[in-house]
Amino acid sequence: MNSTNDLSNRINRMYKGMSKGQKLLAAYITDNYDKAVFLTAAKLGAVVGVSESTVVRFAANLGYKGYPEFQKALEELVRNKLNSIQRMEVTYGRISQPKILETVLQSDAENLKGTLEHIDQAAFELAVDTILNARNIYVVGIRSCASLASFLAYYLNLMFGQVHLLHTNSSSELFEQMVRIGSGDVLIGISFPRYSMQTLKAVEFASNRNAKVITLTDSEHSPMNLYSSCKLIAGSDMASIVDSLVAPLSVINALIVALCMKKQKEVAGTLEMLEKIWDEYQVYDNSEYH
């Protein structure tokens, strides 16, 4: 039996005959398999809005002996993740070419709206205070999240003296850059599906060394939150060849603005110094054409 996408095949084959609750489970698992794999039957039911017994029946109807066997099939699916080509086929099978611009922008707008409605204001304020009081600030984001991490670290550098953007060519190199992290420091970990194992290891390492951990991720059920002392949740769901990072970037913008407001004098002083350096070394083109 080819088990690579056996769970997906079973769901697709049996979808028409499923109850309403089971169809909700099927939709959630298909779209969020990398989150569902970490959930118990009770938690999966709670997230989807069905009973635990419905989840167990769902697993049985798909031909699994019980929820543990179903979860193993889910783990197999995660190991053999849907690749970008498959994601693109799913997306562009649903969207006509003239509608792509409208659909993608609308999806981003919905992610922003959902993030605004659900983000925890207290967690946001705790993140600001934690960064303000940190001895050293470490920032990590990998693959598509590297751009978010780089953006955040750039602006943190204008406000703070000890900012470390972690470079991740290898796991050993990652830990070498964090060798002195400890109590009084903070690590900001950014990860969205597919979750980066290297980022997860960095977050775990920081937590084990008694550093504060701030996570920016897409769900309360993200594995990133296992080690987090402060969770910032931003929507990124968009079945596409690219990840939607508009809402996470907006949360990062809000963090930067909030920190700037708390450190106005330092930021003004840094910018004044930078302006002199930029002029002296002709970093920017100040010709008449600009």
Side-chain angles (χ1 to χ4, degrees), residues 119-192 195-220 222-234 245 248-271 273-274:
I119 197 161
D120 185 340
Q121 182 68 35
F124 178 82
E125 289 169 7
L126 177 60
V128 171
D129 288 341
T130 302
I131 294 167
L132 279 171
N133 295 313
R135 182 181 58 192
N136 293 286
I137 303 166
Y138 295 81
V139 184
V140 61
I142 295 176
R143 303 179 71 82
S144 61
C145 292
S147 56
L148 294 176
S150 179
F151 182 87
L152 175 58
Y154 173 82
Y155 284 99
L156 288 176
N157 262 312
L158 297 179
M159 293 179 265
F160 301 94
Q162 297 295 324
V163 178
H164 310 271
L165 176 61
L166 302 182
H167 301 285
T168 53
N169 294 331
S170 67
S171 289
S172 61
E173 184 186 3
L174 188 66
F175 295 129
E176 285 160 14
Q177 294 169 79
M178 299 172 65
V179 70
R180 292 183 181 85
I181 197 169
S183 179
D185 298 331
V186 62
L187 173 72
I188 305 168
I190 306 170
S191 189
F192 291 82
Y195 302 113
S196 161
M197 190 56 70
Q198 278 185 297
T199 304
L200 191 58
K201 285 177 179 176
V203 167
E204 181 182 14
F205 182 82
S207 177
N208 289 342
R209 299 291 293 271
N210 297 316
K212 292 284 201 304
V213 173
I214 297 169
T215 51
L216 177 58
T217 188
D218 69 313
S219 166
E220 286 284 344
S222 165
M224 291 283 290
N225 293 334
L226 294 170
Y227 309 103
S228 175
S229 47
C230 180
K231 298 173 282 190
L232 299 176
I233 308 298
L245 297 176
L249 181 58
S250 192
V251 172
I252 286 171
N253 279 341
L255 264 181
I256 292 164
V257 170
L259 289 164
C260 278
M261 295 298 287
K262 298 270 191 178
K263 292 181 73 72
Q264 288 184 50
K265 288 182 182 177
E266 291 92 331
V267 174
T270 302
L271 289 174
M273 181 171 60
L274 282 171

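Just so we're clear, the structure is a prediction, and the values are computed from it rather than from any experiment.
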Derivation and outcome, side chain to side chain contact (heavy atoms under 4.5 Å, CB included), residues Cys260 and Met159: CA-CA 7 Å; Cys260 278; Met159 293 179 265; 3.8 Å; yes
What are the two closest heavy atoms between [X] and [Y], and how far apart are they?
X	Y	value
Gly141	Ala149	N-CB, 3.6 Å
Cys230	Ala123	SG-O, 3.0 Å
Leu126	Ser229	CD2-O, 3.8 Å
Gln177	His167	NE2-O, 2.5 Å

Close side-chain approach of [X] and [Y], heavy atoms under 4.5 Å:
X	Y	result
Val203	Leu226	no
Gln162	His164	yes
Phe160	Asn136	no
Ile256	Leu158	no
Leu187	Leu166	yes
Met224	Thr199	yes
Val163	Tyr138	no
Ile252	Ile190	yes

Check: [X] side chain, [Y] main-chain N or O, donor-acceptor pair, under 3.5 Å:
X	Y	answer
Glu204	Tyr227	no
Ser228	Ile214	no
Arg209	Met178	no
Ser196	Ile142	no
Ser150	Ala146	no
Asp218	Phe192	no
Thr217	Ser191	yes

Check against side chain to side chain contact (heavy atoms under 4.5 Å, CB included), Asp120 and Leu232: CA-CA 7 Å; Asp120 185 340; Leu232 299 176; over 6 Å; no
Give the intermediate values and the outcome of side chain to side chain contact (heavy atoms under 4.5 Å, CB included) for residues Ile188 and Ile131. CA-CA 9 Å; Ile188 305 168; Ile131 294 167; 3.8 Å; yes
Among Asn225, Thr215, Val251, which residue meets the side-chain contact (heavy atoms from CB on, under 4.5 Å) test with Ile233? Asn225
Between [atom1] on residue [X] and [atom2] on residue [Y], distance to nearest 0.5 Å:
X	Y	atom1	atom2	answer
Leu148	Leu216	CG	CG	7.0 Å
Asp185	Lys212	CG	NZ	10.5 Å
Leu255	Tyr155	CG	OH	14.0 Å

More than 12 foreign heavy atoms under 6.0 Å from CZ of Arg143: is that the case here?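 Result for CZ/Arg143: open.
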